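Please read the structure below before turning to the comments.
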Amino acid sequence: MKMILSLLAILCMLISCSVRHDCMVKSQQTGLLKTNCYLVYDQITKEAALIDPGDTIPALLRIIDTEQLSVKYVIITHCHPDHIKGVNYIKEKFPDARICVSPVEYKDMQEYARWRNIFDTSLVKAWSKDTAMQQLMDLDYRKILPPEIALSENKSLRLGSLKLKVLETPGHSRGSITIAVEHNLFTGDLILFGETGDIRYKFNSREDLVKSIHRIYDVFPDSTMIYPGHGNRTTVGVEKKTNKRVPDEKERAHIAYRIPENDLIPEGIAYSSSTNSFYIGSIFKTKIIRVNAETGVYMDFIPSDNPGLQVLGMTVDERTGSLWACANGIKNGHEIAAVIRFDLHDGKQLTYVEFADTVPVLFNDLALDNDGNVYFTNSSGETIYRIDHRTGAMTPFIEGKNIACPNGITISPDNKFLYVASETNGIRIIDIEKKIIVGEKDTTFISTGIDGLKYYQNSLIGIQNGVWSESEIKICRYFLNEAGNGIVAMEIIDQDNFYFNIPTTFVIVKDHLFCLATSQLRNLSKSGYELISRESLTDILVLKYDIDQ
């Protein structure tokens with residue numbers, strides 16, 4: 001028996017020794033952003049490839065020299081300068097090495113010439129005082145040596161017995177690729193450990209990034225090793241389970257509507273059961289579109305020149321078959337703020353109430369009581385106005401520092417309380433009959449920086465987008481006490497959703513919440529009349545949530 005066990009042990013050892021482990025991977029962090037440059041080689045033939053040389057690579061050069069490797073390829077996953085700054089340097093060291101890159105990526109690189117030209121403006125501003133970062137942003141792509149091998153889907157390269165397969169994985173950039181070598185993936189900035197690549201650039205796409213990552217999840221086993229462009233290595237299985245930045249299949253199904261008219265810069269959304277349509281207001285195009293709730297087909301409802309103002313908050317009055325909207329803009333050199341009512345079916349203008357004072361105002365959001373009176377916020381000040389349903393007269397309803405910079409507004413079903421989201425003071429509760437604020441300023445459940453606000457089953461739901469970082473943007477639900485005059489609990493419905501690009505407002509239809517997820521407000525200039533970057537605009541997405549799930 002012992003002899004049999006010994007023979008089995010020897011046999012297992014021989015089998016183990018006969019398994020070829022030819023693929024070797026070494027790495028070195030390079031440059032200002034600590035980009036991972038990878039050295040991949042076949043231990044038998046000594047043929048090697050360098051992936052993403054972001055700068056000089058002294059440690060890897062020593063390995064190449066010690067192991068007597070022949071560098072056959074310089075492979076670029078994408079053409080951001082922290083991944084290609086060292087290309088010319090490597091080519092000088094190894095003139096026979098062939099530069100490999102996606103032709104899509106190289107074309108884009110030539111088009112934007114310097115990295116700063118593809119940045120979100122906020123990034124350029126944030127890094128403006130960093131000299132080293134400025135130099136990296138100003139790298140002249142036109143001086144980088146051109147590719148010698150075009151990399152596209154299913155293209156294969158050989159390093160001895162190793163087969164390097166190319167997968168097109170756009171998202172972080174349009175021509176980003178992933179290199180698969182045996183059980184290893186070199187993903188560039190597609191997947192990072194617990195994160196994804198940045199998408200605050202031109203030529204990127206949130207949806208493409210998600211699709212590319214899910215393709216990796218679907219095709220490769222959980223044990224597959226991921227070598228990312230930055231940070232520590234990880235595996236497909238780990239990222240599937242722990243990477244919260246990547247929506248799962250269920251979350252992806254929450255995309256209810258897609259509007260390819262990407263320069264709308266939408267802010268307000270409303271729904272009508274009588275027309276079974278959503279109405280979305282545009283800031284940049286000064287119009288309102290109507291989206292068929294069943295088919296998702298959309299069309300202009302109120303054209304850009306009527307009234308020619310930027311449309312913000314909206315609400316539907318089913319009793320009168322009308323749509324109320326807050327609108328602001330400039331006419332004849334003067335700032336205009338107005339509340340307008342349109343017929344839900346034909347778009348005919350039924351009511352137009354304009355602010356006639358010289359003091360600048362910004363009418364933002366509105367709510368209707370059961371009698372048809374309209375309450376709306378002036379976000380440039382500390383006033384809530386009211387339009388009387390009988391006389392049509394607009395008058396200040398309540399004002400004061402306690403409701404400074406009011407934004408979202410909603411009303412209790414019994415017409416007793418008005419709930420207002422003050423930018424600085426959080427949700428304030430107003431007794432409508434007494435015209436006084438009730439309850440203390442919320443300090444336990446932080447409710448500052450809220451945009452859209454809606455009443456739902458003795459709770460308030462708001463989008464908190466007035467925060468310091470995008471990762472803090474969330475949809476919150478604030479539960480009220482039995483009397484409805486105080487907040488007693490809070491839960492987060494969604495936070496840091498991958499598709500969020502400054503979500504603004506939402507509408508509740510039965511038990512579903514439909515949110516304008518991609519307003520792209522930061523792409524609008526301070527004046528509100530110019531786009532900062534058309535290239536970085538994406539489709540308008542409306543996300544759907546089951547509130548009580």
Side-chain angles (χ1 to χ4, degrees), residues 21 23 25 27 29 33-36 38 40 51-52 77-78 83 164-173 176-200 204-256 464 467 469-477 490-501 503 513 515 517-518 541 543-549:
H21 299 287
C23 181
V25 179
S27 67
Q29 289 187 338
L33 300 183
K34 297 182 178 180
T35 304
N36 292 328
Y38 294 103
V40 182
I51 300 176
D52 288 350
T77 61
H78 63 289
H83 290 253
L164 285 62
K165 185 177 179 181
V166 177
L167 291 84
E168 293 180 356
T169 49
H172 179 64
S173 67
S176 287
I177 61 165
T178 290
I179 300 295
V181 188
E182 293 190 340
H183 304 297
N184 308 301
L185 295 175
F186 299 87
T187 58
D189 290 353
L190 175 70
I191 306 175
L192 309 178
F193 180 56
E195 258 291 351
T196 66
D198 204 332
I199 45 173
R200 291 175 292 175
N204 66 64
S205 166
R206 291 170 184 263
E207 289 181 81
D208 284 348
L209 191 69
V210 172
K211 289 176 183 176
S212 293
I213 292 174
H214 275 282
R215 181 188 180 198
I216 297 296
Y217 287 176
D218 294 341
V219 171
F220 295 93
D222 288 356
S223 60
T224 305
M225 190 65 67
I226 293 174
Y227 291 92
H230 303 269
N232 296 329
R233 66 183 184 177
T234 181
T235 66
V236 168
V238 167
E239 296 308 302
K240 278 183 182 178
K241 293 177 182 178
T242 64
N243 196 326
K244 296 180 180 180
R245 292 291 295 146
V246 183
D248 61 25
E249 293 295 336
K250 183 179 179 182
E251 287 177 305
R252 288 201 290 170
H254 282 167
I255 298 177
Q464 195 171 39
V467 289
S469 68
E470 289 191 20
S471 64
E472 296 178 273
I473 293 177
K474 50 188 170 288
I475 304 175
C476 299
R477 185 175 181 183
M490 187 268 277
E491 73 172 8
I492 296 174
I493 294 175
D494 194 11
Q495 180 173 353
D496 196 24
N497 188 297
F498 188 82
Y499 292 118
F500 283 172
N501 190 343
L513 182 154
C515 164
T518 55
L541 299 180
L543 299 185
K544 178 182 177 182
Y545 297 85
D546 296 325
I547 300 175
D548 290 317
Q549 266 196 355

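By convention here, the first residue in the shown sequence is residue 1. In this text the structure is predicted, and so the values were computed from the model without any measurement.
The heavy-atom pair separating I473 from P503 by the smallest distance is CG2-CG, 3.5 Å. Closest approach of Q495 to S471, counting heavy atoms only: NE2-O, 3.2 Å. Here the closest heavy-atom approach between residue Q464 and residue C476 is recorded as OE1-SG, 3.9 Å. The shortest non-hydrogen separation linking N36 to P228 is ND2-O, 3.0 Å. Annotation for Y499 and E207: closest pair CE2-CG, 3.6 Å, computed over non-hydrogen atoms. The nearest pair of heavy atoms linking S176 to H78 is OG-CB, 3.5 Å.
To the nearest 0.5 angstrom, I493 atom CD1 is 12.5 Å from K474 atom NZ. A distance of 11.0 Å separates OG1 in T242 from CD in E195, rounded to the nearest 0.5 Å. Taking CG of D546 as the start and NZ of K544 as the end, the distance is 6.5 Å to the nearest 0.5 Å. Taken from CZ in F500 to CG in L543, the straight-line distance is 6.5 Å, to the nearest 0.5 Å. Distance NZ/K211 to OG/S205: 7.5 Å, rounded to 0.5 Å. The line from CG of L167 to CG of L185 is 7.5 Å long, rounded to the nearest 0.5 Å.
The backbone N or O of Y217 sits less than 3.5 Å from a side-chain atom of K240, completing a donor-acceptor pair. Side-chain atoms of T235 do not come within 3.5 Å of backbone N or O of T224 as any donor-acceptor pair. At distances below 3.5 Å, not a single donor-acceptor pair connects side-chain atoms of N184 with backbone N or O atoms of M225. In this structure, the side chain of S212 engages the main chain of P170 through a donor-acceptor pair within 3.5 Å.
A salt bridge links D548 with R477: at least one charged nitrogen is closer than 4.0 Å to a carboxylate oxygen.
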Checklist entry - For D496 and R245, what are the C-alpha separation, side-chain angles and deciding distance, and is it a side chain to side chain contact (heavy atoms under 4.5 Å, CB included)? => result CA-CA 8 Å; D496 196 24; R245 292 291 295 146; 2.9 Å; yes

Next on the checklist: As a quick check of understanding, evaluate side chain to side chain contact (heavy atoms under 4.5 Å, CB included) for F193 and V238, giving each step before the final call.
Outcome noted: CA-CA 9 Å; F193 180 56; V238 167; 4.2 Å; yes

Item to check | Check against side chain to side chain contact (heavy atoms under 4.5 Å, CB included), I492 and I475 | outcome: CA-CA 6 Å; I492 296 174; I475 304 175; over 6 Å; no

Next on the checklist: side chain to side chain contact (heavy atoms under 4.5 Å, CB included), that's the test. Do I179 and I177 meet it? Break it down for me.
Outcome noted: CA-CA 7 Å; I179 300 295; I177 61 165; 3.8 Å; yes

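In this structure, H254 and Y545 have tilted ring planes: the angle between them lies in the 30° to 60° band. Classification of the Y38-F186 ring pair by plane angle, with boundaries at 30° and 60°, yields perpendicular.
Put simply, the residue from L190, I213, I191 that forms a side chain to side chain contact (heavy atoms under 4.5 Å, CB included) with T196 is I213. Partner of T77 under the side-chain hydrogen bond (donor to acceptor under 3.5 Å, both in side chains) criterion, chosen from T187, D52, D189: D52.
Side-chain contact of T169 with T178: a donor-acceptor pair under 3.5 Å is present, judged by distance alone.
Counted within 6.0 Å of CZ on R215, heavy atoms from surrounding residues, nucleotides or ligands total more than 12; the atom is thus considered enclosed.
Here the side chains of P221 and V236 are not in contact, with every heavy-atom distance at 4.5 Å or above. Between V246 and E239, every side-chain heavy-atom pair lies at or beyond the 4.5 Å cut-off.
Remark: aromatic rings of H172 and H83 are distant, center separation not under 6.0 Å.
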